[in-house]
Amino acid sequence: MEIIRKIESRIISFLEPGKVNILYGARRVGKTYLLKKIAAEQNVSYLWLNGELPEVQEILATKNLNNYKNLFAGFQLVIIDEAQAIPKVGQILKIIVDELPHLKIIASGSSAFDLTNKLGEPLVGRAFWHEMYPVAQLEISMQENILETIKNKDERLVFGSYPEVINLVGFDRKEEYLKDLVNAYLLKDILSLEGIRNASKIYYLLKLIAFQLGKEVSLNELGTQLGISKNTIEKYLDLLEKVFVLKKITGFSKNLRKEITKTSRWYFWDNGIRNAIIHDFKALSLRNDTGELWENYLIGERLKKNEYERANKEMYFWRTYDQQEID
């Protein structure tokens, strides 16, 4: 199924000389595919650079105007994929934008932590930011009718909405893909961040969160179960948000003493990732967590809709000590 990504038209509308469009999000959500599609449709000469290649890093590291003029000569559009892999990429892009203002530039990356730290300050006033997620139902709805959506809903609750998962045929292949994605990409991103060396603690933390969908999470309790401090738990959860695995939903409060605001609920951006972490891809009829999967799915779809439509809304949960709750 060819899925038109909601963010495509926004990126194109912001493509202008002297600016950098930054596309970021989890690995394998379709960033590279989308950028190749945009490049092909622009009908201009473009240069594609893979930031993970050593030769690309080497040539860009030479911060010399003549070097950049020679590299980009004859091109109107420059796309740098996996930009966070390039040392001091923010400073490099600043020089290119300032000295070669005729260029349109797109930079993509898989880690918000890396991108915001390496791109944010040097590109103040020079960049537009675009976040990309697993496929949203509002995107799928442009390709399928309501009957097809109803037919596919159970599968999406279990296997999620990563682009390749949607197009793979057979539950076994979908399961294998998601397990590889968790082990080869998501955990790789987390462990590449500075100061993170304990893969097992991160993995067990994700498991604990996966079994507490829709419930308030106590950081002290998580720390006790994992044998690490509350501060370390907070650090790990913050990083898991920044690499687009988890999303934190806080309690709503208008300063009423009865409302719970000291704990949060954590959700996965994708149901398939959650189920891959706990190694459970059973059909809904065989599960005892169908309600949690529905809640996680609906939260994710609402978050994606708000972001793509620039709704500028915040999400909260609400429950009092008297167990009054909006579900």
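Because the structure is a prediction, the values reported are computed rather than measured.
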Verdict with supporting geometry, Tyr133 and Phe244, ring-ring contact (aromatic ring centres under 6.0 Å, His included) | CA-CA 8 Å; Tyr133 307 97; Phe244 312 102; 7.2 Å; no
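- Atom NZ of Lys248 has 12 or fewer heavy atoms from other residues, nucleotides or ligands within 6.0 Å.
- Under the 4.5 Å side-chain criterion, counting only non-hydrogen atoms from C-beta, Gln76 is not in contact with Lys104.
- Between Lys174 and Glu155 a salt bridge is recorded (basic side-chain N to carboxylate O distance below 4.0 Å).
- Just one residue in the list Leu65, Asn64, Asn70 forms a side chain to side chain contact (heavy atoms under 4.5 Å, CB included) with Asn67, and that residue is Asn64.
- In the hydrophobic clustering of ILVMFWY residues, with side-chain heavy atoms under 4.5 Å counting as a link, Met315 and Phe317 come out together.
- Here the straight-line distance linking atom CD1 of Ile166 with atom OH of Tyr162 works out to 11.5 Å at 0.5 Å rounding.
- The hydrophobic clustering, which links ILVMFWY residues whose side-chain heavy atoms are closer than 4.5 Å, places Val135 and Ile4 apart.
- Leu15 and Phe128 are not part of a single hydrophobic cluster, where members link through side-chain heavy atoms under 4.5 Å apart.
- Using a 4.5 Å heavy-atom cutoff, the side chains of Asn296 and Ile299 are not in contact.
- Residues Leu47 and Ile79 fail the side-chain proximity criterion, which asks for heavy atoms closer than 4.5 Å.
- Within a 6.0 Å radius of NZ in Lys215, more than 12 heavy atoms belonging to other residues, nucleotides or ligands are found.
- For Thr290, the side chain to side chain contact (heavy atoms under 4.5 Å, CB included) partners two or more places apart in sequence, or in a different chain, are Leu284, Arg287, Trp294.
- Between Met132 and Val29, the shortest heavy-atom distance links the atoms CE-O, 3.7 Å.
- Each of His130, Glu131, Arg5 was compared with Tyr308 under the side chain to side chain contact (heavy atoms under 4.5 Å, CB included) criterion, and only Arg5 meets it.
- Two residues are said to be in side-chain contact when any heavy atoms from C-beta on lie closer than 4.5 Å; Tyr204 and Gln225 fail this criterion.
- Here the side chains of Val97 and Leu103 are not in contact, with every heavy-atom distance at 4.5 Å or above.
- The shortest side-chain heavy-atom distance between Ser161 and Asp270 falls under the 4.5 Å cut-off.
- In this structure, Lys313 places its NZ atom where only 12 or fewer heavy-atom neighbours from other residues, nucleotides or ligands lie under 6.0 Å away.
- The cationic group of Arg274 does not satisfy the cation-pi geometry with Phe268, failing either the under 6.0 Å distance to the six-membered ring centre or the 45° limit from the ring axis.
- Side chains of Asn275 and Asp280: no donor on one and acceptor on the other come within 3.5 Å.
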Criterion salt bridge (charged side-chain N to carboxylate O under 4.0 Å, His left out) on Lys305 and Glu301, from CA distance to verdict | CA-CA 6 Å; Lys305 185 177 188 297; Glu301 290 303 316; over 6 Å; no
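- No hydrogens or angles considered: nothing links the side chains of Glu82 and Asn50 as a donor-acceptor pair under 3.5 Å.
- Note: Leu219 CG to Ser229 OG = 10.5 Å, rounded to the nearest 0.5 Å.
- Between Ala85 and Pro87, the closest heavy-atom pair is O-CD, 3.4 Å.
- Distance check, rounded to the nearest 0.5 Å: CD1 of Ile146 to CD of Glu144 gives 8.5 Å.
- Cation-pi geometry between Lys247 and Trp266 is not met: the NZ or CZ atom fails to fall both under 6.0 Å from the ring centre and inside 45° of the normal.
- By the 6.0 Å contact criterion, CZ on Phe72 is enclosed, its count of non-hydrogen atoms from other residues, nucleotides or ligands being greater than 12.
- Within a 6.0 Å sphere centred on NZ of Lys63, other residues, nucleotides and ligands contribute more than 12 heavy atoms.
- In this structure, His279 and Tyr203 have tilted ring planes: the angle between them lies in the 30° to 60° band.
- The side-chain heavy atoms of Ile80 and Trp48, taken from C-beta on, include no pair separated by under 4.5 Å.
- Minimum interatomic distance between Leu181 and Arg28 (heavy atoms only, all atoms of both residues): CD1-CG, 3.2 Å.
- Nearest heavy atoms, Asp98 versus Arg126: OD1-NE, 3.0 Å.
- Taking CG of Asn152 as the start and CD1 of Ile140 as the end, the distance is 8.0 Å to the nearest 0.5 Å.
- Using a 4.5 Å heavy-atom cutoff, the side chains of Ile106 and Val20 are not in contact.
- Here the NZ-CG distance, from Lys201 to Leu222, works out to 12.0 Å after rounding to the nearest 0.5 Å.
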Please step through ring-ring contact (aromatic ring centres under 6.0 Å, His included) for the pair Phe159 and Phe171, ending with a clear verdict.
-> CA-CA 8 Å; Phe159 294 100; Phe171 294 161; 5.2 Å; yes
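- Atom CD1 of Ile233 sits about 12.0 Å away from atom NZ of Lys235, to the nearest 0.5 Å.
- Atom CD of Gln143 is surrounded by more than 12 heavy atoms from other residues, nucleotides or ligands within 6.0 Å.
- The shortest heavy-atom contact between Ala276 and Lys179 is CB-N, 4.3 Å.
- In plain terms, the two heavy atoms of Gly160 and Val165 that are nearest each other are O-CG1, 4.3 Å.
- Heavy-atom neighbours of Glu55 CD from other residues, nucleotides or ligands within 6.0 Å: above the threshold of 12.
- In the displayed structure, Glu314 atom CD is contacted under 6.0 Å by at most 12 heavy atoms of other residues, nucleotides or ligands.
- Leu293 and Phe281 fall within the same hydrophobic cluster, where Ile, Leu, Val, Met, Phe, Trp and Tyr residues are linked whenever their side-chain heavy atoms come under 4.5 Å apart, directly or through other members.
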Take Ile209 and Leu240, measure what side-chain contact (heavy atoms from CB on, under 4.5 Å) needs, and give me the verdict at the end.
-> CA-CA 11 Å; Ile209 297 295; Leu240 287 165; over 6 Å; no
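- Ring geometry, Trp129 versus Tyr24: the interplanar angle exceeds 60°, so the pair is classed perpendicular (tilted spans 30 to 60°).
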